[in-house]
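Read through the structure below, which is laid out as structure tokens, and then see the notes.
Just so we're clear, the structure is a prediction, and the values are computed from it rather than from any experiment. Sequential numbering from 1 along the given sequence is applied to the chain's residues.
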Amino acid sequence: MSDTMHSGSCLCGTVRFKTRGPLRGVIYCHCSQCRRQSGHHYASTNVPDDRLEVEGDDNVAWFASSDDAQRGFCKTCGSVLFWKHRKLDYTSINAGAFDNPTGLHGAMHIFVADKGDYYEITDGLPKHERSASGIVVAGD
Ligand SMILES: [Zn+2]
Ligand SMILES: [Zn+2]
């Protein structure tokens, strides 16, 4: 197991985080919840909770976007940071919050059936109409 560290923060810097170990490939979620919250589509990796350290976490506001999932953002600057399923012990982290070099790579698109009508997906990565097996998302 690699002990690679990654770090990142919200825009104002009040919330900082560190992750340890490998990060999942970035999943682009085009569902309407992700589009509304992020302003475009979501792009997130994830880590097991025991490999995530958050500094300033009392400045993270959590919005329950469904019965099963909540979305964490900075109370001060509004940066979209985390997505968390209540029953799972890992946390999705927005790829845009990581410091460079992130070492991250795109993996796939999900919920493309719900994508906005003002853009096309042309990067050649796998596309799933809704969710894909083996991953858990906010979906409805
Ligand atoms: Zn902030
Ligand atoms: Zn989504």
Side-chain angles (χ1 to χ4, degrees):
M1 175 90 38
S2 157
D3 239 16
T4 321
M5 305 283 296
H6 296 273
S7 61
S9 69
C10 65
L11 179 57
C12 73
T14 309
V15 182
R16 296 192 167 277
F17 62 85
K18 275 187 191 137
T19 67
R20 189 165 39 83
L23 296 169
R24 187 194 67 192
V26 174
I27 293 180
Y28 305 100
C29 185
H30 301 263
C31 82
S32 59
Q33 290 185 1
C34 286
R35 289 194 293 110
R36 287 185 197 286
Q37 195 203 10
S38 69
H40 187 29
H41 59 66
Y42 214 74
S44 65
T45 180
N46 74 11
V47 289
D49 291 341
D50 61 2
R51 293 207 235 124
L52 171 64
E53 226 178 88
V54 180
E55 198 183 292
D57 57 343
D58 54 351
N59 213 53
V60 176
W62 289 95
F63 169 66
S65 52
S66 71
D67 287 345
D68 291 328
Q70 40 186 352
R71 294 167 180 267
F73 56 94
C74 175
K75 283 180 193 172
T76 303
C77 68
S79 295
V80 176
L81 296 167
F82 308 118
W83 182 91
K84 182 114 181 76
H85 193 283
R86 290 181 199 285
K87 293 182 187 126
L88 298 176
D89 56 358
Y90 63 75
T91 300
S92 290
I93 309 173
N94 209 296
F98 281 84
D99 301 324
N100 280 330
T102 66
L104 293 168
H105 300 281
M108 68 175 82
H109 298 271
I110 59 172
F111 286 90
V112 299
D114 296 339
K115 82 170 186 61
D117 61 5
Y118 62 92
Y119 61 91
E120 297 303 324
I121 302 169
T122 57
D123 58 15
L125 291 170
K127 295 192 253 186
H128 300 275
E129 285 294 294
R130 300 190 65 76
S131 190
S133 59
I135 58 162
V136 178
V137 296
D140 43 11

For this session: Enumerate the residue pairs fulfilling salt bridge (Lys or Arg N to Asp or Glu O under 4.0 Å) with a member in residues 60-69, sequence neighbours excluded, ordered by first and then second residue.
Result: Asp68-Lys87
Problem set entry | Lys84: partners by salt bridge (charged side-chain N to carboxylate O under 4.0 Å, His left out), with sequence neighbours left out | Asp49
Problem set entry | Asp50 backbone acceptor or donor facing Arg20 side chain under 3.5 Å | yes
Exercise. Is it true that a side-chain atom of Ser79 and a backbone atom of Cys74 form a donor plus acceptor pair closer than 3.5 Å?
Worked result: no
Exercise. Which heavy atom in Cys34 sits nearest to a heavy atom in Ser38, and how many Å separate them?
Worked result: O-OG, 2.7 Å
For this session: Evaluate side-chain hydrogen bond (donor to acceptor under 3.5 Å, both in side chains) for Ser9 paired with Asp99, printing each intermediate quantity in order.
Result: CA-CA 8 Å; Ser9 69; Asp99 301 324; 4.8 Å; no
Problem set entry | Listed partners of Asp58 passing side-chain hydrogen bond (donor to acceptor under 3.5 Å, both in side chains), at least two apart | none
For this session: Give the minimum heavy-atom separation between Leu52 and Val54, together with the two atoms involved.
Result: CG-CG2, 3.9 Å
Exercise. Excluding sequence neighbours, so at least two apart, what forms ring pair (Phe, Tyr, Trp, His ring centres under 6.0 Å) with Tyr28?
Worked result: His41, His109
Exercise. Minimum heavy-atom separation for Arg86 to Ala64, with atom names?
Worked result: NH2-CB, 3.5 Å
For this session: Check whether Met108 and Val112 end up in the same hydrophobic cluster, where Ile, Leu, Val, Met, Phe, Trp and Tyr are linked by side-chain heavy atoms less than 4.5 Å apart.
Result: no
Problem set entry | ring pair (Phe, Tyr, Trp, His ring centres under 6.0 Å) partners of Phe73, counting only residues at least two apart | none
Exercise. Is Ile93 close to Ser44 at the side-chain level, that is, under 4.5 Å between some pair of heavy atoms?
Worked result: no
Seminar exercise, completed: Minimal heavy-atom distance between Val15 and Gly56, with the atoms involved, is CG2-O, 3.7 Å
Exercise. For the residue pair Asp114 and Cys31, what are the closest heavy atoms and their distance?
Worked result: CB-CA, 3.9 Å
For this session: Applying side chain to side chain contact (heavy atoms under 4.5 Å, CB included), run through Glu53 and Arg16 and close with a yes or a no.
Result: CA-CA 8 Å; Glu53 226 178 88; Arg16 296 192 167 277; over 6 Å; no
Exercise. At what distance, to the nearest 0.5 angstrom, does CG of Asn94 lie from CG of Leu81?
Worked result: 7.0 Å
Exercise. Between Val60 and Val47, is there a shared hydrophobic cluster once you connect ILVMFWY residues whose side-chain heavy atoms come closer than 4.5 Å?
Worked result: yes
Exercise. What are the two closest heavy atoms between Lys75 and Ala61, and how far apart are they?
Worked result: CG-CB, 3.7 Å
Problem set entry | Partner set under ring pair (Phe, Tyr, Trp, His ring centres under 6.0 Å) for His40, not counting sequence neighbours | Tyr118, Tyr119
For this session: Test side chain to side chain contact (heavy atoms under 4.5 Å, CB included) on Arg130 and Ile110 and set out the steps.
Result: CA-CA 6 Å; Arg130 300 190 65 76; Ile110 59 172; over 6 Å; no
Problem set entry | Nearest-0.5 Å distance that lies between atom CG in Leu23 and atom CZ in Arg51 | 8.5 Å
For this session: Please round to the nearest 0.5 Å and tell me the distance separating atom CZ of Phe82 and atom CG of Asn46.
Result: 12.5 Å
Seminar exercise, completed: Value for OG (Ser131) from CZ (Phe111), rounded to nearest 0.5 Å, stands at 5.0 Å
Problem set entry | Cation-pi check, Arg71 onto Tyr42 ring (under 6.0 Å, within 45° of axis) | yes
For this session: Identify whether Val80 and Phe17 are in the same connected component of the hydrophobic contact network (ILVMFWY, side-chain heavy atoms under 4.5 Å).
Result: no
Exercise. Given Trp83 and Thr91, is the side chain to side chain contact (heavy atoms under 4.5 Å, CB included) satisfied, shown in steps?
Worked result: CA-CA 6 Å; Trp83 182 91; Thr91 300; over 6 Å; no
Exercise. Can you check whether Thr45 reaches Arg24 side chain to side chain, under 4.5 Å on heavy atoms?
Worked result: yes
For this session: For Gln33 and Ser65, indicate whether the former's side chain and the latter's backbone hold a donor-acceptor pair under 3.5 Å.
Result: yes
Problem set entry | Shared hydrophobic cluster for Leu125 and Val26 (ILVMFWY, side-chain gaps under 4.5 Å) | yes
Problem set entry | His6 and Lys18, any side-chain heavy atoms less than 4.5 Å apart | no
Exercise. With no hydrogens and no angle check, is any side-chain donor or acceptor of Arg35 less than 3.5 Å from a backbone partner on His30?
Worked result: yes
